[in-house]
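The structure appears below as structure tokens.
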Amino acid sequence: MNAKPLEGKVGLVFGVANKRSIAWAIAQAWAEAGAKLIFNYQGERLKDNVEELAGTFGSDTPLFPCDVTKDEEVDTFFNKVSEITPKVDLLLHSIAFAPKEALEGDFINTSREAYATAHNISAYSLVHLARKSAPLMTDGGSIIAMSYYGAEKVVPHYNVMGVAKASLEASTRYLAYDLGKKKIRVNCISAGPVNTLAARGIAGFGAMLKHYDAHAPIGRSCEPSELGATGVFLASDGAASITGQVLYVDGGYQIMGM
């Protein structure tokens, strides 16, 4: 077996915020598997964090600003990518956001603005980034997005983010159909609860972790390194016939009825 299954591949990584980010766990695994990476950062506030982390792969690791809600920044990002490399093989989409007030109280009280914001950032951005990446994926490619069980079943307090993740998963299937003829695969990883900066913004997150420990078949959720390993698998030739799927990495919690 190839010790570096992603040798020679170039990956775009969207969504690293800090060392606890799921995107960072997958980026590390991709780099260890041989991929060369290019990072985005969202705003100057996160630049130093991403620059420090990306620098562990070499001080020349490229990173560029890209706020996915701004078309001009997305265009500029991909223009810079095309100046560095003639092709891209991998894209990681680990981007999600909803206003804090929309993750509290009842879903029925979600405002129009919060609903639109959550879908724009968490779901539409995948469509936009896939459209920009596809012309660079001249030898085919793998696009991976991050989802969560709240897309499928009600998770209290997840609210509009669950609806946005459902949109993300449906978008994955439609993108897989559109891009399959170009040998570009599109899949989601549905991760169990992981102690990330974003997760701590969800009310009752600690109780959620304990619930997984009590009810998941293997007695726990998942580790970032396990998400990294799944990310490598989906990016590799071993997953060449897998597209449009949601892979649950959650200790088996998704199979349980009670």
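- Checked by atom type and distance alone, the side chain of Lys181 pairs as donor or acceptor with a backbone atom of Asp178 at under 3.5 Å.
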Which is it for Val81 and Val88 under the side chain to side chain contact (heavy atoms under 4.5 Å, CB included) test, yes or no, and what are the steps along the way?
CA-CA 9 Å; Val81 168; Val88 166; 3.8 Å; yes
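- How far OH of Tyr253 is from CE of Met208: 9.0 Å, rounded to the nearest 0.5 Å.
- Proximity of a side-chain donor or acceptor of Ser59 to a complementary backbone N or O of Gly55 within less than 3.5 Å is not detected.
- Using a 4.5 Å cut-off on side-chain heavy atoms (C-beta onward), Val232 and Pro5 make contact.
- The cluster map of Ile, Leu, Val, Met, Phe, Trp and Tyr, joined by side-chain heavy atoms under 4.5 Å apart, puts Leu12 and Tyr41 in different clusters.
- Closest of all the heavy-atom pairs between Leu53 and Thr56 is O-OG1, 2.6 Å.
- Considering every non-hydrogen atom in both Asn159 and Asp106, the closest pair reads ND2-C, 4.0 Å.
- Residues that satisfy the ring pair (Phe, Tyr, Trp, His ring centres under 6.0 Å) test with Tyr115, not counting sequence neighbours, are His119.
- Judged as a ring-ring contact (aromatic ring centres under 6.0 Å, His included), not a single pair has a partner in residues 220-252 (not counting sequence neighbours).
- In terms of modelled atom types and a separation under 3.5 Å, the side chain of Asn187 and the main chain of Leu247 share no donor-acceptor contact.
- Within a 6.0 Å sphere centred on CD of Glu113, other residues, nucleotides and ligands contribute 12 heavy atoms or fewer.
- Residues Phe64 and Thr76 fail the side-chain proximity criterion, which asks for heavy atoms closer than 4.5 Å.
- With sequence neighbours left out, Phe107 forms a ring pair (Phe, Tyr, Trp, His ring centres under 6.0 Å) with no residue at all.
- For the pair Gly150 and Val155, the tightest heavy-atom approach, listed with the atom from each and the gap, is CA-CG2, 3.7 Å.
- Ile255 belongs to a hydrophobic cluster whose remaining members, ordered by chain and number, are Met256; membership requires side-chain heavy atoms of ILVMFWY residues under 4.5 Å apart, directly or through intermediates.
- A donor-acceptor pair under 3.5 Å is formed between the side chain of Arg185 and the backbone N or O of Ala239.
- Here the side chains of Val13 and Trp30 are in contact, with some heavy-atom distance below 4.5 Å.
- Between the SG atom of Cys66 and the CD atom of Glu72 there is a distance of 10.0 Å, given to the nearest 0.5 Å.
- Residues satisfying the ring pair (Phe, Tyr, Trp, His ring centres under 6.0 Å) criterion with Phe97, sequence neighbours excluded, are absent altogether.
- In this structure, His128 and Val74 have side chains that are in contact, with non-hydrogen atoms separated by less than 4.5 Å.
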Between Met146 and Cys188, is the side chain to side chain contact (heavy atoms under 4.5 Å, CB included) condition met? List the steps.
CA-CA 6 Å; Met146 298 305 306; Cys188 277; over 6 Å; no
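- When side chains are defined from C-beta on, Glu52 does not count as touching Lys19, because their heavy atoms never get closer than 4.5 Å.
- To the nearest 0.5 angstrom, Ile22 atom CD1 is 9.5 Å from Leu92 atom CG.
- By the 6.0 Å contact criterion, CD on Glu101 is enclosed, its count of non-hydrogen atoms from other residues, nucleotides or ligands being greater than 12.
- When hydrophobic clusters are built by joining Ile, Leu, Val, Met, Phe, Trp and Tyr residues whose side-chain heavy atoms come closer than 4.5 Å, directly or via intermediates, Ile26 is grouped together with Leu63.
- For residues 211-233, the set of pairs meeting the salt bridge (Lys or Arg N to Asp or Glu O under 4.0 Å) definition, not counting sequence neighbours, comprises Arg220-Glu226.
- Met258 belongs to no multi-residue hydrophobic cluster, having no ILVMFWY side-chain contact under 4.5 Å with any other such residue.
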Identify all side-chain donor-acceptor contacts of residues 133-143 below 3.5 Å with residues at least two apart in sequence or on another chain.
| unit_1 | atom_1 | unit_2 | atom_2 | d |
| --- | --- | --- | --- | --- |
| Ser133 | OG | Leu129 | O | 2.8 |
| Ser142 | OG | Leu234 | O | 2.9 |

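- Between Lys47 and Glu44, some side-chain heavy-atom pair lies under the 4.5 Å cut-off.
- Of the possible donor and acceptor atoms, one in the side chain of Ser221 sits under 3.5 Å from a partner among the backbone N and O of Pro193.
- With sequence neighbours excluded, the residues forming a side chain to side chain contact (heavy atoms under 4.5 Å, CB included) with Asn120 are Thr69, Tyr124, listed by chain and number.
- Shortest non-hydrogen contact noted between Gly8 and Asp89 is O-OD2, 4.1 Å.
- Looking at every heavy atom in both residues, His93 comes nearest to Ile95 through CE1-O, 3.4 Å.
- Closest of all the heavy-atom pairs between Cys222 and Gly192 is SG-N, 3.7 Å.
- The ring of Phe77 has its center closer than 6.0 angstrom to the ring center of Phe14.
- A search for ring pair (Phe, Tyr, Trp, His ring centres under 6.0 Å) contacts involving Phe57 returns Trp24, not counting sequence neighbours.
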Please set out all donor-acceptor pairs under 3.5 angstrom arising from side-chain atoms of residues 167-175, sequence neighbours excluded.
| unit_1 | atom_1 | unit_2 | atom_2 | d |
| --- | --- | --- | --- | --- |
| Glu169 | OE2 | Ser147 | OG | 2.6 |
| Ser171 | OG | Ser167 | O | 2.8 |
| Thr172 | OG1 | Leu168 | O | 3.0 |

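- Tracing side-chain contacts under 4.5 Å through hydrophobic residues (I, L, V, M, F, W, Y), one reaches Ile242 starting from Val249; they form part of the same cluster.
- Among residue pairs with one or both ends in residues 116-138, those qualifying as salt bridge (Lys or Arg N to Asp or Glu O under 4.0 Å) are Asp75-Lys132; sequence neighbours excluded.
- Leu179 and Val10 fall within a single hydrophobic cluster, where Ile, Leu, Val, Met, Phe, Trp and Tyr are joined by side-chain heavy atoms under 4.5 Å apart, directly or via other members.
- Counting heavy atoms from C-beta outward, Val50 and Gln42 have side chains that stay 4.5 Å or more apart.
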Could you go through Tyr177 and Val186, starting from their C-alpha distance and side-chain angles, then the distance that decides it, and tell me whether this counts as side chain to side chain contact (heavy atoms under 4.5 Å, CB included)?
CA-CA 9 Å; Tyr177 174 76; Val186 191; over 6 Å; no
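- Distance OH/Tyr148 to CD1/Ile189: 16.0 Å, rounded to 0.5 Å.
- Contact of the Leu6 side chain with the Ser236 side chain is registered, since non-hydrogen atoms from C-beta on lie closer than 4.5 Å.
- With hydrogens and angles ignored, the 3.5 Å screen pairs a side-chain donor or acceptor of Thr61 with a backbone N or O of Ala54.
- Rounding to the nearest 0.5 Å gives a distance of 11.0 Å between CG of Leu227 and CD1 of Ile144.
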